[in-house]
S.K.: 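I'd like to ask you about the structure that follows.
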Amino acid sequence: MSEAVLISIHPEYAEAILRGEKQVEFRRTRFSRPVSLLLIYATAPTSALVAYAHVQDVEEGPTDEIWRDWGPSGFVSETRFYEYFAENERAIAIVLGQVRAFSTAVALADLLPGSRPPQSFRYVAVELVEKASGLGCAIGEA
């Protein structure tokens with residue numbers, strides 16, 4: 001059974017995902033469960049859920065190979081990529097499929113009362129994405 005992940009992303013990268021300029025999210029840690037959707041939380045100063053994305057694929061490999069294969073799709077400089085993975089020999093590339101922006105950002109407290117944004121990611125039920133879509137009305141939907 002596939003799940004969703006609530007993922008914290010800096011606003012500049014969340015915006016790049018929404019513009020279609022960032023099609024891959026890099027991470028140090030691989031999901032231990034099958035994930036079909038990312039619920040995107042843009043960190044401060046946005047501090048809200050802004051979109052969700054379908055997970056097309058998750059690839060893991062040596063950092064050099066991940067950079068070679070996915071670097072241009074990650075909206076990050078090579079220097080910044082290697083700084084992020086300085087302590088890691090392996091990297092994770094989360095390949096994004098269709099992205100849906102919320103017409104209105106959704107406060108995390110409206111979706112998960114008393115919850116704090118995850119440092120990296122947190123597993124959530126796929127139904128939570130549907131609830132967020134209802135609160136934020138995904139663009140193009142009523």
Side-chain angles (χ1 to χ4, degrees), residues 1-63 65-67 69-142:
M1 173 163 219
S2 193
E3 295 186 61
V5 165
L6 170 61
I7 193 164
S8 293
I9 299 179
H10 291 285
E12 69 180 292
Y13 296 122
E15 290 169 15
I17 289 170
L18 294 173
R19 290 191 307 267
E21 296 173 330
K22 180 174 176 62
Q23 294 115 16
V24 174
E25 173 64 15
F26 298 116
R27 292 289 160 146
R28 295 181 192 121
T29 306
R30 183 177 182 88
F31 303 136
S32 61
R33 307 175 193 171
V35 171
S36 60
L37 293 170
L38 294 183
L39 186 54
I40 300 170
Y41 177 87
T43 60
T46 305
S47 302
L49 299 160
V50 296
Y52 67 92
H54 293 267
V55 175
Q56 189 173 342
D57 195 12
V58 178
E59 294 199 17
E60 179 179 6
T63 52
E65 286 181 20
I66 294 295
W67 174 256
D69 295 345
W70 297 105
S73 301
F75 195 77
V76 65
S77 71
E78 185 173 7
T79 300
R80 200 156 182 192
F81 175 87
Y82 281 104
E83 286 172 355
Y84 179 71
F85 288 104
E87 303 295 319
N88 300 72
E89 294 179 11
R90 300 185 69 73
I92 310 301
I94 304 166
V95 183
L96 306 177
Q98 182 183 24
V99 177
R100 299 292 296 208
F102 301 136
S103 57
T104 305
V106 177
L108 188 58
D110 290 345
L111 194 62
L112 293 167
S115 185
R116 302 180 78 192
Q119 286 289 359
S120 179
F121 65 86
R122 170 183 171 184
Y123 295 101
V124 295
V126 170
E127 293 77 22
L128 205 60
V129 176
E130 294 168 5
K131 182 177 178 185
S133 295
L135 293 172
C137 294
I139 291 178
E141 298 177 4

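Index from 1, following the sequence.
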S.K.: Decide yes or no for L112 and L128: does some side-chain heavy atom of the first lie under 4.5 Å from some side-chain heavy atom of the second?
M.R.: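 Result yes, sub-4.5 Å side-chain heavy-atom pair found.
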S.K.: Is the centre of the F81 ring less than 6.0 Å from the centre of the F26 ring?
M.R.: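 Yes - the distance between ring centres of F81 and F26 falls below the 6.0 Å cut-off.
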S.K.: Taking the side chain as C-beta and beyond, is there a heavy-atom pair between V126 and S36 under 4.5 Å?
M.R.: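 Side chain of V126 against side chain of S36, heavy atoms only: contact under 4.5 Å found.
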S.K.: Are W67 and V76 packed together at the side-chain level, in the sense that at least one heavy-atom pair is separated by less than 4.5 angstrom?
M.R.: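 Yes. Closest side-chain heavy atoms under 4.5 Å.
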S.K.: Within this structure, what is the CG-CD distance for the pair L37 and E130, rounded to the nearest 0.5 Å?
M.R.: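 So the CG of L37 and the CD of E130 are separated by 8.5 Å.
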S.K.: Please name the pair of heavy atoms, one in A51 and one in L18, separated by the smallest distance, quoted to 0.1 Å.
M.R.: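 Shortest heavy-atom separation between A51 and L18 comes out as CB-CD2, 3.5 Å.
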S.K.: Ignoring hydrogens, what is the shortest heavy-atom contact between R122 and S115? Give both atom names and the distance.
M.R.: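 Of all heavy-atom pairs spanning R122 and S115, the closest is NH1-OG, 2.6 Å.
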S.K.: Under the side chain to side chain donor-acceptor pair (under 3.5 Å) rule, collect the residues that match up with R19, sequence neighbours excluded.
M.R.: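 Side chain to side chain donor-acceptor pair (under 3.5 Å) list for R19, sorted by chain: E21.
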S.K.: Side chains of I17 and I40: does their closest heavy-atom pair fall under 4.5 Å?
M.R.: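 Sidechains of I40 and I17: in contact.
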S.K.: Would you please classify the geometry between the F31 ring and the F121 ring as parallel, tilted or perpendicular, with 30° and 60° separating the classes?
M.R.: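 Aromatic pair F121/F31 classed perpendicular.
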S.K.: Could you walk me through whether I94 and W70 pass the side-chain contact (heavy atoms from CB on, under 4.5 Å) test, one step at a time?
M.R.: CA-CA 10 Å; I94 304 166; W70 297 105; over 6 Å; no
S.K.: Closest heavy-atom contact between I7 and E25?
M.R.: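 Closest approach of I7 to E25, heavy atoms only: CD1-CG, 4.2 Å.
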S.K.: Within the structure provided, determine whether P11 and T43 are in side-chain contact (heavy-atom separation under 4.5 Å).
M.R.: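 A side-chain contact under 4.5 Å exists here.
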S.K.: Contact between E59 and I92 at the side-chain level, heavy atoms closer than 4.5 Å - yes or no?
M.R.: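 No, side chains not in contact.
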S.K.: A side-chain contact here means heavy atoms from C-beta on lying under 4.5 Å apart; do E3 and P34 qualify?
M.R.: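 E3 vs P34: side chains apart.
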S.K.: Please find the pair of heavy atoms, one from L96 and one from A53, that lie closest to each other, and give the distance.
M.R.: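 Scanning both residues, the minimum pair turns out to be CD2-CB, 4.2 Å.
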S.K.: Working to the nearest 0.5 Å, report the span between CZ of R80 and CZ of F85.
M.R.: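 Rounded to the nearest 0.5 Å, the CZ-CZ separation comes to 12.5 Å.
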S.K.: The test is side-chain contact (heavy atoms from CB on, under 4.5 Å); show your working for R28 and Y84 and say whether it passes.
M.R.: CA-CA 8 Å; R28 295 181 192 121; Y84 179 71; 3.0 Å; yes
S.K.: Which distance, rounded to the nearest 0.5 Å, do you find between the CD of E65 and the CD of E60?
M.R.: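 One finds 11.5 Å between CD of E65 and CD of E60.
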S.K.: Would you name the heavy atoms of A132 and V106 that are closest together and state the gap between them?
M.R.: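 Of all heavy-atom pairs spanning A132 and V106, the closest is O-CG2, 3.7 Å.
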S.K.: Mind checking whether Y13 and F75 have parallel, tilted or perpendicular rings, split at 30° and 60°?
M.R.: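 Answer is perpendicular, since the angle exceeds 60°.
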S.K.: Can any side-chain N or O of T63 pair as donor or acceptor with the backbone N or O of A91 at less than 3.5 Å?
M.R.: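 Not a single qualifying donor-acceptor pair exists.
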S.K.: Do L111 and L39 come close enough that some side-chain heavy atom pair is under 4.5 Å?
M.R.: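 Yes, side chains in contact.
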S.K.: Going through the checks in order, is the side-chain contact (heavy atoms from CB on, under 4.5 Å) test met by L49 and L6?
M.R.: CA-CA 9 Å; L49 299 160; L6 170 61; 3.3 Å; yes
S.K.: About how many Å separate CD of E15 and CD1 of I9, when rounded to the nearest 0.5 Å?
M.R.: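 So the CD1 of I9 and the CD of E15 are separated by 11.5 Å.
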S.K.: Would V124 and K131 satisfy side-chain contact (heavy atoms from CB on, under 4.5 Å), going step by step from the backbone distance to the final call?
M.R.: CA-CA 12 Å; V124 295; K131 182 177 178 185; over 6 Å; no
S.K.: Tell me, yes or no, whether the heavy-atom count around H54 atom NE2, taken from other residues, nucleotides or ligands under 6.0 Å, exceeds 12.
M.R.: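 It does: H54 NE2 has more than 12 such atoms within range.
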